[in-house]
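Below is one structure, written out as structure tokens; comments come after it.
Within every chain, numbering begins at 1; the chains are lettered A, B, ... in the order of the sequence lines, protein sequences first and strands thereafter. Note that the coordinates shown come from a computational prediction; the quantities given were computed from them, not determined experimentally.
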Number of protein chains: 2
Amino acid sequence: MSKDAIREAGLKLTKPRAMILEVFEQSPEKHHSVEDVHKELLERGHDIGLGTIYRVLTQFEVAGLVKRLNFEGGYAVFELKSNSHHDHMVCLECGRIYEFVDSEIEEIQERIANERGFRLLDHSHLMQGYCWYCREKNQ
Amino acid sequence: MSKDAIREAGLKLTKPRAMILEVFEQSPEKHHSVEDVHKELLERGHDIGLGTIYRVLTQFEVAGLVKRLNFEGGYAVFELKSNSHHDHMVCLECGRIYEFVDSEIEEIQERIANERGFRLLDHSHLMQGYCWYCREKNQ
DNA sequence: CTAATTGCAAAAGCTTTGCAGCGCA
DNA sequence: TGCGCTGCAAAGCTTTTGCAATTAG
């Protein structure tokens, strides 16, 4: 259970932390900015300070519960850290975020890093364009 | 010549714009934050306002003269837009930025986008880790 | 009970913007 | 000369932080 994960991270199981995690687990959306989380919590009747959300999400990130994504736009977006790695495609028109994985790309990446003596720890691969729903509007 | 490019972009060839472009053309470093450019210009004896540098680099970006890179860190980095596309590896220890290209990855990307009905316009592929010079320090 | 956590508000970065004066064409 | 450009400083955003009050264990 996810609440155990909070404790296992050495964090106290507080109301704010539990509710923030719930937003990620219960919302149909997978990706949330801090603002998103804040609004969602307000709609659920929980007025949690922005500062707390920033702090908690950073703690969750360190604990490996969530992943911070730095798309353009000047603000961070978080997603629940699933066990399966994936990369992202973002629609420049509607903002929808799609996920993709390709083992071949992952392998080539590793190979390139190795060839250069680079110890690969992480990567972010983002494709930007227009999704199926928005293509027509932009030809 | 690069100064023509400024004019071709419909921009007046002013001192600030010419000097900012020079920093990119003459510096051994390929990647510069706005702060970098500002300091470099100061060292060359040109005190150009930060606001101007932000404005000019944005205009250069629109004109296709430079590319804005959004690595993590909360600030943008710019590079001269060469004719050859490439992606980046950044060392988490020393901050050095390396470039790489792989045609196979590019192809697979296209294929994935097509399969999903996604019109691919751009992408950013960033590998993070420790470079050859810094590996030892971090095992 | 005690240390961890939250709320609030202030402050810190990076970036944008308004406006008066300056400079290129 | 006229419009575009720059400088300066103010303001905008996202994110961080200090501190007193609150709460989990």
- For B:Arg116, enumerate each residue passing the salt bridge (Lys or Arg N to Asp or Glu O under 4.0 Å) test, keeping only those at least two apart in sequence or located in another chain. none
Would you list the protein and nucleotides 10-12 of chain C atom pairs, both N or O, that sit under 3.5 Å from each other?
none

- Where each residue is assigned the nucleotide of DNA chain C containing its nearest heavy atom, which of B:Lys15 and B:Gly73 is assigned the position nearer the 5′ end? B:Gly73
- Item | Whole-Å gap separating P (C:dT15) and CD (B:Glu35) | 9 Å
- Query: Under 3.5 Å, is there a donor-acceptor pair between the side chain of A:His123 and the main chain of A:Leu120?
  - Reply: no
- Message: Measuring from atom CD of B:Gln128 to atom CG of A:Asp122, what distance do you get when rounded to the nearest 0.5 angstrom?
- Response: 5.0 Å
- Message: To the nearest 0.5 Å, what is the distance between CG on B:Leu65 and CD1 on B:Ile20?
- Response: 11.5 Å
- For the atom pair CD1 (B:Ile105) and CD1 (A:Ile112), what is the distance rounded to the nearest 0.5 Å? 4.0 Å
- Residues in side chain to side chain donor-acceptor pair (under 3.5 Å) with A:Arg111, at least two apart? A:Glu115, B:Asp102
- Item | First of B:Thr14 and B:Val34 reached from the 5' end of DNA chain C, by closest nucleotide | B:Val34
Which atom pairs, one a donor and one an acceptor, fall under 3.5 Å between side chains of residues 48-59 of chain A and the rest of the protein, sequence neighbours left out?
residue: A:Thr58; atom: OG1; partner: A:Tyr54; partner atom: O; Å: 2.9
residue: A:Thr58; atom: OG1; partner: A:Arg68; partner atom: NH2; Å: 3.2
residue: A:Gln59; atom: OE1; partner: A:Arg17; partner atom: NH1; Å: 2.9

- Query: In whole Å, what is the span from the CZ atom of A:Arg7 to the P atom of C:dA4?
  - Reply: 17 Å
- Message: Hydrophobic clusters here meaning ILVMFWY residues chained together by side-chain heavy-atom distances under 4.5 Å, can you tell me if B:Tyr133 and B:Met89 are in one?
- Response: yes
- Note on DNA chain D: ranges paired as stems (three or more Watson-Crick/G-U pairs in a row, both atom distances under 3.5 Å) are C:1-25 with D:1-25
- Contacts of type side chain to side chain donor-acceptor pair (under 3.5 Å), residue B:Ser33, not counting sequence neighbours: B:Asp36
- Message: So if I apply the ring pair (Phe, Tyr, Trp, His ring centres under 6.0 Å) rule between A:His32 and each of A:Phe24, A:Phe78, A:Phe60, A:Tyr75, which one comes out positive?
- Response: A:Phe24
- Give me the first and last nucleotide of DNA chain D, going 5' to 3', that has any atom under 4.0 Å from a heavy atom of chain A. D:dT14 to D:dG25
- Closest non-hydrogen atoms of B:Arg135 and A:Gly117, given as atom of the first, atom of the second and distance, are CD-O, 3.0 Å
- B:His125 and B:His85 aromatic centres sub-6.0 Å: no
- Message: Going by side chain to side chain donor-acceptor pair (under 3.5 Å), name the residues that satisfy it together with A:Glu22, two or more places apart in sequence or in a different chain.
- Response: none
Nucleotides 17-20 of chain C: which of its N/O atoms have a protein N/O under 3.5 Å away?
residue: C:dG18; atom: O6; partner: B:Arg55; partner atom: NH1; Å: 3.1

- Query: Got a sec, which residues hit side chain to side chain donor-acceptor pair (under 3.5 Å) with A:Glu40, two or more places apart in sequence or on another chain?
  - Reply: A:Arg44
- Neighbours of DNA chain D within residues 36-50 of chain A, by heavy-atom distance under 4.0 Å: none
- Under the side-chain contact (heavy atoms from CB on, under 4.5 Å) test, which residues partner A:Glu99, sequence neighbours left out? A:Lys30, A:His31, A:Glu79, A:His86, A:His88
